[in-house]
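All heavy atoms count here, side chains included; hydrogens, waters and symmetry mates do not.
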Amino acid sequence: MPRALILADLHWDHWRAAGMDPFAGVPGDFWAALDLVILAGDITNKASVRWPRVFDWFAQKLEPTRLHVFPGNHDPYNEKIDREDKLIALCAAAGVHYAQRETVICGGHRLLCCTLWTDMRLGGDYHVNTARAENVMNDYRLVRVARGGFRKLTPADTVALHRADLAWLEAALATPFAGETIVVTHHAPIPPSPAQDMDAAYGSDLTATMSRHKPKAWLFGHTHREQTARIGRTDVRNVSLGYPSEWAGRTDQIAGHLAALVLDL
């Protein structure tokens, strides 16, 4: 039976800066037993510079063809969000699959992958949420848009990206498939729990999409918080790793956390 590790929020650059390897406690045969690994966003800041280093790191653990990646909100930090062509080229050069708005087939399952962003509607008024997000979220300070004169990213941009990803996802879910379907996104498809500041920038309420299409599971990251839910027949689960500081005093538990994120397909 094929086995897959789906992991969000690796934040490789933070672990490197801390002089730590989050996988240090993982047994040597862990990687050999995996048929695929999906890194579901927030792999590292400044992706066009650092993703190749991450790919080299993973190449010591598994064949690059088994690695599938797509960006989160951190990957375009200090970069231009509309230069996706650079990321596609980096992945091609490393033999890694760029999985944004892509379907990955494994073991009678299809895994539908996309960043998703959010619709900025959780917990209140859309206009209030977008105005506050633009003031407090680093996304709108550190990410640029090349078109229109290298301007700052805005909530209107990310809402447009959310809509485009959701349209792709809805179309993919509506396409007949003989096996089971798993959705993998960076942003949350349900309200984060426990609630946190600016929930509207972390998740959307996509329970209607789940009820309509009934995927087997929906895996997400971004919030760095353990969360599970059952929406109809869909198991919803956070698959974040997170920052080294979030594992202070319990790094010995990371191997068990990663093992629990492995799916038998």
[X]/[Y] ion pair, N-O < 4.0 Å:
X    : Y    : answer
D85  : K80  : no
R212 : E170 : yes
D165 : R101 : yes
R163 : D119 : no
D35  : R3   : no
R233 : E180 : yes

For [X] and [Y], work out which heavy atoms get closest and say how close.
X    : Y    : result
S240 : L7   : C-CD1, 4.4 Å
L122 : S204 : CD1-N, 3.9 Å
M120 : V159 : CG-CG2, 3.8 Å
A133 : Y140 : O-CD1, 3.4 Å
A99  : F70  : C-CB, 4.0 Å
G107 : P2   : CA-CG, 3.6 Å

Just verifying a value: how many Å separate L169 CG and T209 OG1, rounded to the nearest 0.5 Å?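 Separation between the atoms: 7.0 Å.
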
For T228 and N238, run side chain to side chain donor-acceptor pair (under 3.5 Å): C-alpha distance rounded to whole Å, both residues' side-chain angles, the deciding distance at 0.1 Å, then the answer. CA-CA 7 Å; T228 60; N238 178 278; over 6 Å; no

Residues in ring-ring contact (aromatic ring centres under 6.0 Å, His included) with F220, at least two apart? none

Show the numbers, then the answer: is there a side chain to side chain donor-acceptor pair (under 3.5 Å) between T181 and R110? CA-CA 5 Å; T181 297; R110 62 175 177 178; 2.7 Å; yes

[X] side chain to [Y] side chain, donor-acceptor N/O pair below 3.5 angstrom:
X    : Y    : value
N135 : R132 : no
W51  : T44  : no
H222 : D9   : no
S48  : E79  : yes

Under 4.5 Å between side-chain heavy atoms, hopping through other hydrophobics if needed: is there a path connecting [X] to [Y]?
X    : Y    : value
V136 : L153 : yes
I190 : L173 : yes
I182 : W168 : no
I254 : W57  : yes
V104 : L219 : yes

Assess the pair H186 and H74: is the distance between their ring centroids shorter than 6.0 Å? no

For the rings on F23 and W31, is their centre-to-centre separation under 6.0 Å?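 Yes, the ring of F23 comes within the 6.0 Å limit of the ring of W31, centre to centre.
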
What verdict does the salt bridge (Lys or Arg N to Asp or Glu O under 4.0 Å) test give for R121 and D205, after you've listed the backbone C-alpha separation in whole Å, the side-chain angles of each residue and the deciding distance to 0.1 Å? CA-CA 8 Å; R121 295 189 179 278; D205 183 355; over 6 Å; no

Which residue in the set P215, C113, P189, C114 passes side chain to side chain contact (heavy atoms under 4.5 Å, CB included) when paired with V183?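 Running side chain to side chain contact (heavy atoms under 4.5 Å, CB included) over P215, C113, P189, C114 with V183 returns exactly one hit, P215.
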
